[in-house]
There are 2 protein chains.
Amino acid sequence: MRHYNKCVKLGSPNVRSPDQERDLISLLRERGQRVTSQRLLILRELRRRRRHATAHEIRDAVLRSLPGTSIPTVYATLELLVELGLARRIDAGAGAALYDARVEPHQHMVCRRCGRVDDLDEELDAGPLLDAASGSGFQPDRAELVISGLCAACAQERAA
Amino acid sequence: MRHYNKCVKLGSPNVRSPDQERDLISLLRERGQRVTSQRLLILRELRRRRRHATAHEIRDAVLRSLPGTSIPTVYATLELLVELGLARRIDAGAGAALYDARVEPHQHMVCRRCGRVDDLDEELDAGPLLDAASGSGFQPDRAELVISGLCAACAQERAA
DNA sequence: ATGACTGCAAACTCTTTGCACAACA
DNA sequence: TGTTGTGCAAAGAGTTTGCAGTCAT
């Protein structure tokens, strides 16, 4: 017999206003899936950050208001959010995967020295590429551009 | 005292004709680095494959002609080849990193179901993106586009 | 009440590191 | 001969899996 932390109930004072997560709630109900405090808070934390976050960063943040939240739950929830179209997963280099609540199209710049990832809000005309992909029998879903190089800080350090 | 496998000497019958790796040899000599049979064979194996390969696939292939080749050596060599501009590293999804001897610009399609990675030989006009990146202080190095979706086989299976 | 979800522990994979020996130059 | 490179073992990081117990519905 093992000892388990109790889950925090939905009515918990830590999960007061799920107004911001209405979209998640209705998507979950549509699919017959449950609305849990973990799911609400993980999305809230992801949205609160301007920068991309790793699963572990999200977990640390969620732990403050929802102690006991486990890493497997964070991973499962982030993957669920991606599936629901409420988050994006960015594979930048070998390290940890990044998650981002900004789902509107934008590109990323990855520093090859410090690993920093920044957004690049510039239009990308991926149309011809997607057409070419379709032509080969592939069913394209989305296109993601990653620009690698040196971030401003690392470039300056290296010049010195 | 530990027991070590002997390295295979350069003159080994397994590394007969390094003609195809002349570029690697001269690059190494320029930098004062050594020409080893591991480096020659790893590049040869990488070039022999039409598809991208993981470090472990390369190791398995190299092991046949050069028993004892170790994983750390394969990783170090692949990274060296990338640094020398003779190979490319592709980060497609969470799994293993892929390496590719095709260094001329081309894009990749990743199947979100089976993980298959295919080349897409289509021009990508990343100029404006790179300019925008430069404008923000970033020093762009290269741009890589990954299109995710369903490969032909998986799309067909799913339709059935 | 019941089945989906969570926490926990541990396994798994990929990659990197430290050190002793080997081999290119 | 000197120093770079390699093999080996093991550590490290990130992620996934199995199972028992819990909570939204």
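Numbered from 1 within each chain, the chains take letters A, B, ... in sequence-line order. Just so you know, these numbers come straight off a predicted model, no measurement behind them. Note: hydrogens, waters and symmetry copies are ignored here, and every other heavy atom, side chains too, is used.
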Choosing from C/dT15, D/dT15, D/dT25, which nucleotide comes nearest the side chain of A/Val35?
D/dT25
Please determine whether the number of non-hydrogen atoms from other residues, nucleotides or ligands lying under 6.0 Å from atom CD of B/Gln33 exceeds 12.
yes
What is the distance from CZ of A/Arg89 to P of D/dG14, rounded to the nearest Å?
13 Å
Compare the minimum distances between each of C/dT15, D/dG2, D/dT15 and the side chain of B/Arg34, then state the nucleotide with the smallest one.
D/dG2
Please check this pair: side chain of B/Arg47 against backbone of B/Gln20, looking for a donor-acceptor N/O pair closer than 3.5 Å.
yes
Is the shortest side-chain N/O distance from B/Thr36 to OP1 or OP2 of D/dT6 below 4.0 Å?
yes
DNA chain C contacts among residues 69-86 of chain A, heavy-atom distance under 4.0 Å
A/Thr69, A/Ser70, A/Pro72, A/Thr73
Given atom CG of B/Leu63 and atom C1' of D/dG7, what is their separation to the nearest angstrom?
12 Å
So, is A/Arg29 close to the D/dT25 phosphate, meaning a side-chain N or O under 4.0 Å from OP1 or OP2?
yes
Check the hydrophobic clustering (I, L, V, M, F, W, Y; side-chain heavy atoms under 4.5 Å; chains of links allowed) and say if B/Leu124 and B/Leu130 are grouped together.
yes
To the nearest 10 degrees, how far apart in direction are the end axes of the helix from C/dA1-D/dT25 to C/dA25-D/dT1, each fit to five base pairs?
40°
If you group Ile, Leu, Val, Met, Phe, Trp and Tyr by side-chain heavy-atom gaps below 4.5 Å, do A/Leu41 and A/Tyr99 land in one group?
yes
Whole-Å distance, A/Gln33 CD to D/dC23 C1', equals 16 Å
What is the separation between atom NE2 on B/His56 and atom P on C/dC12, rounded to the nearest whole Å?
15 Å
